[in-house]
Each structure stands twice: as C-alpha cells, then as structure tokens.
Amino acid sequence: MIIKSADVLPHALINHVETKLGKNGELLLEYVGWLRDRIIHLRDSEDYTPILHIDVYGTIGAAFDGDTTKMADYLQTLVDAAKPFKLRIEGPMDVEDRDKQIEALAALTAEVDRRNMGIELVADEWCNTYEDIAAFADAKAGHVVQIKTPDLGGVNNIADAILYCNKVGIGSYCGGTCNETNRSAEVTTNIAMACGALQVLAKPGMGVDEGYMIVFNEMSRVEALVNRRK
C-alpha cells in the first residue's frame, strides 16, 4: 500500500479486544506507531501523507465501558502515535441498537471536536440503509459515514446516500465488502466518482493488489475518458 502510494490505508481488522486492541488499547497503539514508522521509512517523498483508516469493530467502546471521556482520552493517544499522519477510526463502539448507537457516536464525535483532536470517526455499525445513513448524518454521528453498497438495495440508493451526505456536510465513504465482484466494484466506483464521494473502498478480496487494481484502474479509466472530452 505504501509503495503504491494509496491515499488511505490500511482498514485494519481490529475485531477482538484481548488479541487485537489490547485490554487497555495497548496493542492498537503499538500498531499505529509501527505503521507510522513504516510509512516514513518506505515512502518515496515527504509529500506522501496517507490517511490511516482503522476499523475497530466496536472494540474501543468494549474496552472502555462505553465511557465517552475515556474513549476520547484513548483516541488522543492514537492521534499522537499517528502523527504526522491523519487518523480515521471506524466503528469505535457498538451498543447493539441503532438509536443508541447514533446517540453514543454523536456524543463521542462532539467530544473529539470539542478537544479539536483532528481525528475523524466513521459510522459503520447500525448504519446500513439509506434511512439509517440519513439518521446518522443528521445527528452528526461521526465525521464520515460508510455507505455499505450491498445493503442499499439499488444503485440509485447508493447515489442518493452519497449526495445526501455531501448535502449535510458529512463525509461519504463508498464502501461495501470484500465479498463482491469486479463488476460491482467497477459500478459503485463510477457512482462514487459521479456523486463526489470522499473515499472509495478498494474491493473485492482480502488482499491489497486485487481490489486496489480493480478500483484504481476504473478510477483512472473514468478520469481519462472525462479528460478526453474536454
């Protein structure tokens, strides 16, 4: 990812408190520091400053008992470890109810903004349909909303969701799942570009090359066609 100069990386799967996050968050903190050092070591130029996007599957909330202040304190340590790179944390908590999830994520978003931490929180859990996305966006529950393309029910809903996020001033992340096809990846990439999504997920597959090549090549193809018409 670093050699390819990916704009956003690595969407790490931090999905277990004891073995991935650490009981006090120490394992993720160590990983963020390691990742920062690896980017600095391998990048070709100081101009390459990727965003670190890490999906934690609600483990931060589980480790810190859903306490907004404690979670924000921990997030500050991650921000410091990631410097000079920007950090995004997806799914910081999962309270197993949509309305309560919106409330909890909105509270944490407000707290990190109050502290001017510079981190971005990404809504994921309980944010599936167009109606869910609109509810999270309206409540400012997160700085970015992942638009789970297979869950929207139609490509028209994907477009509407991205446009709604852009309208209300919240980041639109055109995501999905690793378990897709090259065709669905290409189609949703075109929609993301047409609607001005903030970020596009490299998919399908659990590796790097396959998803990155499919999505990056499609983005490059669209860009070339648009430029040719100018």
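None of these values were measured; they are calculated from a predicted model.
Around the CD atom of E103, the shell of radius 6.0 Å holds no more than 12 heavy atoms that belong to other residues, nucleotides or ligands. Within 6.0 Å of the CD atom in E18, the count of heavy atoms belonging to other residues, nucleotides or ligands exceeds 12. More than 12 heavy atoms of other shown residues, nucleotides or ligands fall within 6.0 angstrom of atom OH in Y212. Crowding of R38 atom CZ: a count of heavy atoms from other residues, nucleotides or ligands under 6.0 Å not exceeding 12.
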Practice item. Show your reasoning for whether side-chain contact (heavy atoms from CB on, under 4.5 Å) applies to D209 and K4. Key: CA-CA 9 Å; D209 286 340; K4 290 177 181 289; 2.9 Å; yes
Practice item. Might you work through the side-chain contact (heavy atoms from CB on, under 4.5 Å) test for F85 and I40, ending with a clear yes or no? Key: CA-CA 10 Å; F85 306 114; I40 292 172; 3.9 Å; yes
Point to revise | Verdict with reasoning, D80 to R36, per salt bridge (charged side-chain N to carboxylate O under 4.0 Å, His left out) | key: CA-CA 10 Å; D80 294 339; R36 173 206 61 210; over 6 Å; no
Practice item. Any chance you could lay out the side-chain contact (heavy atoms from CB on, under 4.5 Å) test for V32 and I54, step after step, and finish with the verdict? Key: CA-CA 9 Å; V32 170; I54 299 175; 3.7 Å; yes
Exercise for review: Show your reasoning for whether salt bridge (charged side-chain N to carboxylate O under 4.0 Å, His left out) applies to K140 and D113.
Suggested key: CA-CA 11 Å; K140 297 190 181 337; D113 287 348; over 6 Å; no
Review point. Going through the checks in order, is the side-chain contact (heavy atoms from CB on, under 4.5 Å) test met by Q101 and F136?
Key: CA-CA 9 Å; Q101 179 76 1; F136 274 79; 3.8 Å; yes
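Aromatic ring centres of Y57 and H16: separated by at least 6.0 Å.
M71 has its side chain out of reach of D67: every pair of non-hydrogen atoms, C-beta onward, lies at least 4.5 Å apart. Taking 4.5 Å as the limit, some side-chain heavy atom of W126 sits within range of a side-chain heavy atom of E96. Side-chain atoms of L9 and L35, non-hydrogen and from C-beta on, do get closer than 4.5 Å to each other. I170 is not listed as a side-chain neighbour of H143, based on a closest heavy-atom distance of 4.5 Å or more. Contact annotation: the side chain of V215 never approaches that of L201 to less than 4.5 Å [non-hydrogen atoms, C-beta and beyond]. Within the 4.5 Å cutoff, side-chain heavy atoms of T189 are placed close to those of M219. Looking only at side-chain heavy atoms (C-beta outward), Q199 and H53 come within less than 4.5 Å of each other. Between L121 and L75, some side-chain heavy-atom pair lies under the 4.5 Å cut-off.
A distance-only check finds no donor-acceptor pair linking the side chain of E210 to the backbone of N182 [under 3.5 Å]. Within the 3.5 Å criterion, the main-chain N or O of Y48 finds no donor-acceptor partner in the side chain of S45. Checked by atom type and distance alone, the side chain of N166 pairs as donor or acceptor with a backbone atom of C195 at under 3.5 Å. Remark: side-chain polar atoms of D65 are not paired, donor with acceptor, to backbone N or O of G61 under 3.5 angstrom. Side-chain atoms of N227 come within 3.5 Å of backbone N or O of E223 as a donor-acceptor pair. When atom types are taken as modelled, the side chain of D97 and the backbone of D99 share a donor-acceptor pair closer than 3.5 angstrom. Between the D132 side chain and the T129 main chain, a donor and an acceptor come within less than 3.5 Å of each other. Under a 3.5 Å cut-off, the side chain of Q76 and the backbone N or O of D73 do not form any donor-acceptor pair. With hydrogens and angles ignored, the 3.5 Å screen pairs no side-chain donor or acceptor of Q146 with any backbone N or O of Y173. T109 contributes a side-chain N or O that, together with a main-chain N or O of L105, makes up a donor-acceptor pair within less than 3.5 Å.
Here the shortest heavy-atom pairing between N15 and T59 reads C-CG2, 3.8 Å. Closest approach of S172 to A197, counting heavy atoms only: OG-CA, 3.3 Å. In terms of heavy atoms, A185 sits closest to P204 at CB-CD, 4.2 Å. Annotation for T149 and G175: closest pair OG1-O, 3.1 Å, computed over non-hydrogen atoms. Shortest non-hydrogen contact noted between G176 and P150 is CA-CD, 3.7 Å. Across all non-hydrogen atoms, the minimal contact from Y130 to Y164 is OH-CD1, 3.7 Å.
Put simply, I191 and V145 are part of the same group of oily side chains (I, L, V, M, F, W, Y) that touch within less than 4.5 Å, one to the next. Under the 4.5 Å side-chain contact rule for hydrophobic residues, V208 and I51 do not share a cluster. In this structure, V8 is not a member of the same hydrophobic cluster as L42, with clusters built from ILVMFWY side-chain heavy atoms closer than 4.5 Å. In this structure, V79 is a member of the same hydrophobic cluster as I39, with clusters built from ILVMFWY side-chain heavy atoms closer than 4.5 Å. Residues L52 and V56 fall within the same hydrophobic cluster, defined by Ile, Leu, Val, Met, Phe, Trp and Tyr side chains chained together at heavy-atom separations under 4.5 Å.
A distance of 8.5 Å separates CZ of R98 from CD of E131, quoted to the nearest 0.5 Å. Taking CG of D7 as the reference point, atom CE of M1 lies at 13.0 Å (rounded to 0.5 Å). Taken from CG in L27 to OG1 in T19, the straight-line distance is 8.0 Å, to the nearest 0.5 Å. I14 CD1 to L21 CG: the interatomic distance, rounded to the nearest 0.5 Å, is 7.5 Å. Atoms SG and NZ, on C127 and K148 in that order, are 7.0 Å from each other to the nearest 0.5 Å. Taking CD1 of I147 as the start and CG of D124 as the end, the distance is 12.0 Å to the nearest 0.5 Å.
One finds no salt bridge joining R88 and D55 here, because no Lys/Arg side-chain nitrogen approaches an Asp/Glu carboxylate oxygen to under 4.0 Å. The residues E120 and K86 are annotated as salt-bridged, a charged nitrogen and a carboxylate oxygen being separated by less than 4.0 angstrom. A salt bridge links E111 to R114: one of the charged nitrogens lies within less than 4.0 Å of a carboxylate oxygen.
Under the 3.5 Å distance criterion, with hydrogens and angles disregarded, no donor-acceptor pair is assigned to the side chains of S184 and K203.
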